[in-house]
Amino acid sequence: MIRKFEDSDFKNVVNFIYSNNKHSKSKIGYAGIVKDEIEKALKQDFSDLALHESIFLQTENEEIKVLFALDVDKESQNVEVWGPYYNDKTSIEDIDKVWQYILHSNFKGYKFLFFINKENEMGINFVDQYLKSDRQGEHVDLVYKLDDKIDMYENTKNVKVVEKEYSENIISIHNTLFKDSYYDGEKLFSNFKKEEVKIYILEHDDFGDIGYLYCEKSDEDQEIYIDYIGIDLKYQGKHYSKELLYHLLKSVDRNKYKYIRTCVNSDNNKALNMFKKLNFNIEDSNISYTIRPY
């Protein structure tokens, strides 16, 4: 039976996502690996739509066989897809039946974004071969444990890290570097009003704002996630990204947070090497896809 989420499904949905995400062979990059985190995300800050309009499942003998949870952003018309999730009895045809059910719901005009662990063969086969989605690249999840010691670092001359509520230069830099990103430059600064969001701006004595680091803090999860680091194309190659990262590592409250996480394109060797030199470790690899099915 293929249907939408009902309130009585909540516990089973959380358990199903959790059991899939414990294993790289069935893991989806958007969702967490801690059951409490998954439950919190679905309850508090998931989709712009209600759960009964965002979660679709196939059940058999009252057990979940296939599940998609859609994190819908109405403003950008993007949908981050938590799925496909499945069990060991699921076929790719079963997954497609649920997907077709989703497409007959009200998502016309939306772009769907998938983020699937590279070892998840069923998920990749469905999105890549079955749906013919556009592969955007492979991304590496990196983590820094905040009990690690910071190496000595000499600050770069003529620049300092500041915080500002608005910067036209940073908006322009972001929109140039991340044209197809989930957030545009204006959205970064509207998000800055939220207590958990930080934007550190690199200000040059002569050239003004030339770069930034955007991150979001989770007190409950005791971690900080770096969403963006961007340096104006004219000033790249001068270790300015490292200046921003060191500022974050030095300023973070280590009694409050345990981890800093980020995600980097696997082809971006410069960024990967920079993070590795700062003692970030590879945690996982995911492949991103997009599709506009209508």
Side-chain angles (χ1 to χ4, degrees), residues 20-21 24-33 41 46-48 54 68-86 92 95-96 99 102-103 107-143 173-188 191 212-216 225-231 233 236 241 261-275 280 282-294:
N20 271 262
N21 261 30
S24 57
K25 291 184 178 179
S26 54
K27 189 177 181 183
I28 299 299
Y30 287 131
I33 58 174
F46 190 55
S47 174
D48 285 351
S54 303
F68 285 90
L70 308 181
D71 185 357
V72 178
D73 186 304
K74 287 183 178 180
E75 184 179 349
S76 65
Q77 290 202 303
N78 286 332
V79 180
E80 290 186 349
V81 181
W82 288 29
Y85 289 115
Y86 48 86
I92 201 163
I95 294 172
D96 188 53
W99 179 250
I102 291 170
L103 294 186
F107 292 105
K108 191 172 183 179
Y110 280 83
K111 179 169 70 173
F112 292 82
L113 298 84
F114 294 86
F115 203 48
I116 301 175
N117 191 283
K118 66 182 297 184
E119 294 185 30
N120 185 343
E121 292 183 6
M122 175 85 89
I124 288 174
N125 189 31
F126 174 70
V127 173
D128 196 350
Q129 302 299 321
Y130 221 79
L131 297 186
K132 307 295 183 185
S133 302
D134 296 324
R135 178 172 170 146
Q136 302 299 311
E138 183 178 330
H139 302 268
V140 177
D141 291 336
L142 297 156
V143 60
I173 291 167
H174 177 82
N175 291 341
T176 299
L177 297 177
F178 303 102
K179 287 185 288 188
D180 298 318
S181 178
Y182 198 70
Y183 294 147
D184 63 17
E186 291 284 351
K187 183 69 173 177
L188 294 188
N191 286 349
Y212 70 102
L213 183 153
Y214 175 101
C215 62
E216 297 191 8
Y225 192 87
I226 301 170
D227 291 89
Y228 303 103
I229 300 179
I231 303 296
L233 291 170
Q236 291 185 3
S241 294
R261 301 181 188 275
T262 193
C263 182
V264 175
N265 192 300
S266 63
D267 294 331
N268 192 342
N269 290 322
K270 286 184 178 179
L272 279 172
N273 289 333
M274 176 186 67
F275 280 111
F280 280 77
I282 293 176
E283 193 171 46
D284 244 327
S285 293
N286 300 285
I287 301 174
S288 62
Y289 296 87
T290 61
I291 185 172
R292 289 188 184 272
Y294 296 96

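Nothing fancy with the numbering, it's 1 onward along the sequence.
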Review point. Do any N or O atoms from the side chain of S24 and from the backbone of E119 form a donor-acceptor pair under 3.5 angstrom?
Key: no

Check your understanding: Does the side chain of F112 come within less than 4.5 Å of L131's, by heavy atoms?
Key -> no

Exercise for review: Check whether more than 12 heavy atoms from other residues, nucleotides or ligands sit under 6.0 Å from atom NZ of K118, and answer yes or no.
Suggested key: no

Exercise for review: With rounding to the nearest 0.5 Å, note down the distance linking CD1 in I226 to CZ in F275.
Suggested key: 5.0 Å

Review point. Just how far is it from atom CG of D227 to atom SG of C263, taken to the nearest 0.5 Å?
Key: 10.0 Å

Check your understanding: Mind checking whether W99 and F126 have side chains closer than 4.5 Å, heavy atoms only?
Key -> yes

Review point. In this structure, which one of V72, T290, D71, L113 forms a side-chain contact (heavy atoms from CB on, under 4.5 Å) with N78?
Key: L113

Check your understanding: Looking at residues at least two apart in the chain, or sitting in another chain, which of them share a side chain to side chain contact (heavy atoms under 4.5 Å, CB included) with S288?
Key -> F115, Q136, H139

Study note, to complete from the structure: Rounded to the nearest 0.5 angstrom, the CD1-CE distance for I124 and M122 is 12.5 Å

Check your understanding: Would you say V79 and D73 make side-chain contact, with heavy atoms under 4.5 Å?
Key -> no

Point to revise | Under 3.5 Å donor-acceptor, N273 side chain and N269 backbone | key: yes

Review point. Where is the tightest heavy-atom contact between E75 and D48, given as atom of each residue plus distance?
Key: N-OD2, 4.5 Å

Review point. Is any side-chain heavy atom of Y289 less than 4.5 Å from a side-chain heavy atom of K132?
Key: no

Check your understanding: Backbone N or O of A31 within a donor-acceptor pair of the N21 side chain at under 3.5 Å?
Key -> yes

**Study point:** Heavy-atom closest pair, residues H174 and Y183
**Key:** NE2-O, 2.7 Å

Check your understanding: Would you call N286 and K27 a side-chain contact if the rule is heavy atoms closer than 4.5 Å?
Key -> no

Point to revise | S133 (side chain) donor-acceptor with I291 (main chain) under 3.5 angstrom | key: no

Check your understanding: Just wondering, do L233 and L177 contact through their side chains at under 4.5 Å, heavy atoms?
Key -> yes

Review point. How close do K108 and Q77 get, heavy atom to heavy atom, and via which atoms?
Key: O-NE2, 4.4 Å

Practice item. With rounding to the nearest 0.5 Å, note down the distance linking CG in N120 to CD1 in I287. Key: 9.5 Å

**Study point:** V140 versus S285, closest heavy-atom pair with distance
**Key:** CG2-OG, 4.0 Å

**Study point:** For the student: nearest non-hydrogen atoms of R292 and G109, plus distance
**Key:** NH1-O, 3.3 Å

Exercise for review: Taking the side chain as every heavy atom from C-beta outward, state whether L70 and F107 have any atom pair closer than 4.5 Å.
Suggested key: yes

Review point. Do Y85 and S26 have side chains that get closer than 4.5 Å, going by heavy atoms?
Key: no

Review point. More than 12 foreign heavy atoms under 6.0 Å from CD of E121: is that the case here?
Key: no

Point to revise | Exercise: identify the closest heavy-atom pair between P84 and G123 | key: CG-CA, 4.1 Å

Point to revise | Distance, nearest 0.5 Å, that separates CD1 of I231 from OH of Y212 | key: 9.0 Å

Practice item. Evaluate the criterion side chain to side chain contact (heavy atoms under 4.5 Å, CB included) for residue pair I95 and F68; output intermediate values, then yes/no. Key: CA-CA 9 Å; I95 294 172; F68 285 90; 3.7 Å; yes

Check your understanding: From N117 CG over to K25 NZ, what is the distance, rounded to the nearest 0.5 angstrom?
Key -> 11.0 Å

